[in-house]
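By convention here, the first residue in the shown sequence is residue 1.
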Amino acid sequence: MRAKQKRDPIYTLNIFHHYDEKTKRNVIVFLVQTTKIFVSFRYEILLEDEIKERAIILKITGLHAPELLLPKTGPAQARRDYQNLMGEFNLTVIKQDKTRNEFLIQITQDNIEVKKKPKIPFILVSNEPVELS
């Protein structure tokens with residue numbers, strides 16, 4: 001029987017606190033990005049999201065070319081902002097081929113901690129803030 005090959009993650013997910021200047025509110029940002037850098041366009045990741053009780057489900061359904069076809073280099077991205085998320089959550093990320101990664105995250109007013117992650121993830125989850133454009 002052949003052993004499964006370890007694959008490098010193809011996505012990153014940064015979860016962090018952010019003060020939104022437009023709405024004047026504190027939010028929790030979930031920013032999904034590809035690890036691949038695209039040189040022609042800054043693609044959009046098509047992302048469906050759902051929160052049920054203590055479960056957050058993010059479903060990656062594909063990539064979409066931007067409406068304005070101005071050249072811009074960078075990873076494909078999708079962003080979701082949530083308010084009033086506090087406590088422990090089961091986070092499930094599902095990609096197009098139905099592969100699932102499951103995490104346990106703890107969100108407090110001051111911190112976000114990844115408490116449990118899969119052995120061979122296709123997505124790396126971090127609480128490092130990312131500069132938003």
Side-chain angles (χ1 to χ4, degrees):
M1 192 174 213
R2 244 172 59 180
K4 280 189 176 181
Q5 289 182 359
K6 185 174 178 176
R7 294 205 172 111
D8 290 333
I10 56 175
Y11 296 100
T12 62
L13 169 58
N14 292 71
I15 307 170
F16 55 95
H17 291 278
H18 176 71
Y19 181 73
D20 188 328
E21 289 292 334
K22 288 181 194 167
T23 63
K24 306 290 187 217
R25 293 184 179 200
N26 289 314
V27 295
I28 308 291
V29 174
F30 282 65
L31 181 68
V32 177
Q33 299 185 95
T34 57
T35 55
K36 178 180 179 175
I37 303 296
F38 294 93
V39 293
S40 299
F41 301 113
R42 188 89 179 256
Y43 287 95
E44 218 180 291
I45 294 174
L46 300 175
L47 186 69
E48 296 174 6
D49 63 320
E50 184 178 2
I51 298 179
K52 293 194 275 192
E53 295 172 25
R54 292 276 161 228
I56 301 170
I57 301 164
L58 300 177
K59 192 181 220 179
I60 300 168
T61 60
L63 294 180
H64 180 265
E67 295 295 318
L68 297 172
L69 296 177
L70 299 173
K72 193 171 185 182
T73 300
Q77 292 185 334
R79 174 181 165 182
R80 295 291 183 272
D81 293 355
Y82 302 105
Q83 294 178 24
N84 306 320
L85 278 186
M86 290 292 154
E88 205 168 76
F89 292 88
N90 291 308
L91 168 64
T92 303
V93 182
I94 306 166
K95 62 181 187 166
Q96 294 108 311
D97 67 4
K98 309 283 189 253
T99 304
R100 302 165 80 89
N101 275 185
E102 296 188 3
F103 302 84
L104 183 63
I105 59 172
Q106 175 79 38
I107 300 173
T108 64
Q109 202 162 4
D110 303 317
N111 192 28
I112 297 166
E113 182 183 354
V114 181
K115 297 180 97 174
K116 189 176 135 199
K117 47 184 130 186
K119 288 182 181 172
I120 304 174
F122 64 79
I123 187 165
L124 289 180
V125 176
S126 167
N127 63 355
E128 289 296 314
V130 174
E131 193 169 318
L132 302 170
S133 52

Are [X] and [Y] packed together at the side-chain level, in the sense that at least one heavy-atom pair is separated by less than 4.5 angstrom?
{"X": "Arg79", "Y": "Asp81", "value": "yes"}
{"X": "Leu47", "Y": "Arg80", "value": "yes"}
{"X": "Glu50", "Y": "Glu48", "value": "no"}
{"X": "Ile28", "Y": "His17", "value": "yes"}
{"X": "Leu58", "Y": "Thr92", "value": "no"}
{"X": "Leu132", "Y": "Phe16", "value": "yes"}

Taking a hydrophobic cluster as the set of Ile, Leu, Val, Met, Phe, Trp and Tyr residues connected by side-chain heavy atoms closer than 4.5 Å, whether directly or through intermediates, do Val130 and Leu124 fall within one such cluster?
no
State whether the number of non-hydrogen atoms from other residues, nucleotides or ligands found under 6.0 Å of Lys98 atom NZ is greater than 12.
no
Answer yes or no: does atom CD of Gln83 have more than 12 heavy-atom neighbours from other residues, nucleotides or ligands under 6.0 Å?
yes
Separation of [Y] [atom2] from [X] [atom1] (nearest 0.5 Å):
{"X": "Gln33", "Y": "Gln77", "atom1": "CD", "atom2": "CD", "value": "4.5 Å"}
{"X": "Ile56", "Y": "Phe30", "atom1": "CD1", "atom2": "CZ", "value": "4.0 Å"}
{"X": "Leu13", "Y": "Asn127", "atom1": "CG", "atom2": "CG", "value": "10.5 Å"}
{"X": "Phe89", "Y": "Ile57", "atom1": "CZ", "atom2": "CD1", "value": "12.5 Å"}
{"X": "Ile123", "Y": "Thr99", "atom1": "CD1", "atom2": "OG1", "value": "12.0 Å"}
{"X": "Lys59", "Y": "Gln96", "atom1": "NZ", "atom2": "CD", "value": "11.0 Å"}

Over all heavy atoms of both residues, which pair between [X] and [Y] is shortest? Give the atoms and the distance, please.
{"X": "Gly87", "Y": "Arg54", "result": "CA-NH1, 4.4 Å"}
{"X": "Ile94", "Y": "Arg100", "result": "CD1-NH1, 3.5 Å"}
{"X": "Leu63", "Y": "Phe38", "result": "CD1-CZ, 3.9 Å"}
{"X": "Pro75", "Y": "Thr34", "result": "CB-O, 3.2 Å"}
{"X": "Pro121", "Y": "Pro9", "result": "O-CG, 3.8 Å"}

If the test is side chain to side chain contact (heavy atoms under 4.5 Å, CB included), which one of Ile51, Val29, Ile15, Ile107 qualifies with Tyr82?
Ile51
On the six-membered ring of Tyr11, is Lys95 placed so that its NZ or CZ lies under 6.0 angstrom from the centre and within 45° of the ring axis?
no
Apart from Leu46 itself, its cluster of hydrophobic side chains linked below 4.5 Å comprises none
When you measure from the side chain of Asn14 to the backbone N and O of Glu128, does any donor-acceptor pair fall under 3.5 Å?
yes
Tell me whether His18 contacts the main-chain N or O of Pro129 through its side chain, where contact means a donor paired with an acceptor under 3.5 Å.
no
